[in-house]
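Input: a single structure, listed below in structure tokens.
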2 protein chains.
Amino acid sequence: MNVINASPRRKELTRLAAQLFVQEGFDRTTVRMLAQEMGIKSGSLFHHFKDKQEILAAVIEEGTQNALVIARKALNECAAEPEIRLRTMARAHLETLFTDRNAHVVALFEWRRLDPAASAHLSHLRDAYEALWVAVIDDALEAGLIHGDRFLVSRFVLGALNWTVRWYDPSGPRSPDDLADELVAMIMPTSA
Amino acid sequence: MNVINASPRRKELTRLAAQLFVQEGFDRTTVRMLAQEMGIKSGSLFHHFKDKQEILAAVIEEGTQNALVIARKALNECAAEPEIRLRTMARAHLETLFTDRNAHVVALFEWRRLDPAASAHLSHLRDAYEALWVAVIDDALEAGLIHGDRFLVSRFVLGALNWTVRWYDPSGPRSPDDLADELVAMIMPTSA
DNA sequence: CATTTACACTAGCGCTTGCTTGGTTACTCT
DNA sequence: AGAGTAACCAAGCAAGCGCTAGTGTAAATG
């Protein structure tokens with residue numbers, strides 16, 4: 001296996017793996033399929049990754065890291081009004097979801113295939129991301145923008161947003177930003 | 001294979017299969033695991049199902065049929081006010097989701113493992129169920145109870161509800177009905 | 001009583017899986 | 001020029017996979 005964990009070659013392989021994992025699912029994707037997609041033989045794959053599990057972990061880590069970076073940057077750059085921050089966070093969520101779509105679909109639907117060690121490590125990343133959401137929602141609740149239980153609201157909103165990967169086509173007439181705004185409008189009484 | 005497609009034995013086997021599919025995922029569940037769970041040898045399994053795919057189809061069909069029955073019954077029995085019908089539908093959705101939890105988790109996350117023939121057949125069932133939702137949401141929109149695009153609203157609501165299987169624990173303090181009511185309240189400006 | 005049917009068993013075929021081994025090539029750095 | 005290393009390949013192993021063939025047996029059916 002490669003010692004430099006972030007070699008450019010490895011990054012590109014991770015990207016291709018994400019695509020295959022989405023197309024076929026992790027379990028149905030064989031190391032031979034992965035190798036062919038990458039233009040190498042199946043044995044050579046284990047020069048870059050110690051085993052198949054590590055490829056899955058790399059895909060998910062990549063996606064989650066990007067989500068964190070994008071969300072933090074968006075929140076830093078936007079105004080301090082709770083309403084704007086809420087909209088910004090929803091937009092950032094969909095932006096990541098559809099620019100790194102493959103990685104995120106894998107993260108959402110193949111999470112359980114991770115072994116316990118990788119799962120524990122990646123859970124921390126995921127928690128850091130969700131903490132951003134909870135903070136934004138807390139502010140919106142405090143400002144009286146939305147109503148309900150903070151825990152439930154964040155789960156419902158994240159559920160609605162994550163589920164979009166199942167039906168939304170970004171090449172259609174509606175932009176991800178439109179989508180985010182419509183969801184925020186749906187849960188905000190004052191903006192009817 | 002059994003000619004009587006709905007033999008009680010087959011129903012019980014389907015229930016056990018659903019549990020294993022949730023625990024391990026469809027692809028990782030081997031026919032030997034299924035057989036052991038059912039107390040028979042792997043060869044005997046093919047007396048009840050023509051192949052592994054058919055077991056998956058049986059699990060999903062069972063769950064979706066139940067959802068339809070429960071939702072129709074609930075809607076027939078409840079009042080005609082759009083607000084009540086909306087709440088009723090949300091409650092029925094979560095009721096099915098957590099009484100037939102295994103079957104529904106499989107339906108939601110292993111749908112893509114179905115072969116095209118089974119998928120086409122089950123899509124009709126699924127569509128019939130979603131038609132109930134769209135009707136209820138249309139009424140609520142017309143009555144001015146909620147606002148937004150009918151297509152988007154139904155997708156968001158279904159997403160939020162379906163995602164509950166990922167985090168909600170029915171044995172906790174909150175009942176599924178509470179959950180449904182909170183979601184409806186969240187999107188209804190007038191009920192703040 | 002003879003036959004069919006439902007359900008289970010044993011044994012294993014043919015194939016695919018993730019991964020290993022041992023060695024080769026091409027490039028960089030001193 | 002020589003050493004080191006990243007990237008690759010050919011070959012294949014051991015295990016596990018879905019599924020089939022053929023058989024036994026007890027209960028229902030004519």
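A quick note: this is a predicted structure, and the numbers were derived from the prediction, not measured. Chain A is the first sequence line, chain B the second, and so forth, proteins listed ahead of strands; every chain is numbered from 1.
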Nucleotide C:dG18, atom P - distance to NZ of A:K41 in whole Å = 17 Å

How many Å lie between CD on B:Q53 and P on D:dC19, as a whole number?
-> 8 Å

Between C:dT17 atom P and A:R113 atom CZ, what is the distance in whole Å?
-> 17 Å

Proximal nucleotide (of C:dC9, D:dC19, C:dG18) relative to the B:V31 side chain = D:dC19

Look at A:H48 and D:dA6 and indicate whether a side-chain polar atom (N or O) is within less than 4.0 Å of OP1 or OP2.
-> no

Whole-Å distance between C:dA8 P and B:L45 CG?
-> 10 Å

In whole angstroms, how far is the P atom of D:dG22 from the CZ atom of B:F46?
-> 17 Å

Write down the distance between CG (A:L34) and P (C:dT16), rounded to a whole number of angstrom.
-> 17 Å

Report yes or no: is the cationic atom of A:R166 (NZ for Lys, CZ for Arg) closer than 6.0 Å to the six-membered ring centre of A:F109, at no more than 45° off its axis?
-> yes

Look at A:K52 and C:dG18 and indicate whether a side-chain polar atom (N or O) is within less than 4.0 Å of OP1 or OP2.
-> yes

Please determine if A:R91 and A:D181 form a salt bridge, counting it only when a charged side-chain N lies under 4.0 Å from a carboxylate O.
-> yes

Residue A:R9, side-chain heavy atoms: nucleotide from D:dC17, C:dG18, D:dA7 that is nearest | D:dA7

Got a salt bridge between B:R87 and B:E81, using NZ or NE/NH1/NH2 to carboxylate O under 4.0 Å?
-> no

Should the pair B:E12-B:R15 be classified as a salt bridge under the 4.0 Å nitrogen-to-oxygen rule?
-> yes

Counting heavy atoms from C-beta on, name the nucleotide in D:dC19, D:dA6, C:dC7 closest to the side chain of B:D51.
-> D:dC19

On DNA chain C, nearest-nucleotide positions of A:R28 versus B:L13: which is more 5'?
-> B:L13

Do A:E54 and A:R10 sit within salt-bridge range, that is, some charged N less than 4.0 Å from a carboxylate O?
-> yes

A:Q36 CD to D:dC9 P, in whole Å, measures 12 Å

Whole-Å distance separating the CZ atom of B:F49 from the C1' atom of D:dT20 = 18 Å

Spell out yes or no: do the side chain of B:R32 and the base of D:dG16 have one donor N/O and one acceptor N/O closer than 3.5 Å?
-> no

Is the phosphate of C:dC7, meaning OP1 or OP2, less than 4.0 Å from a side-chain N or O of B:H47?
-> yes

Between C:dC7 and B:S44, is there an OP1 or OP2 to side-chain N/O distance shorter than 4.0 Å?
-> no

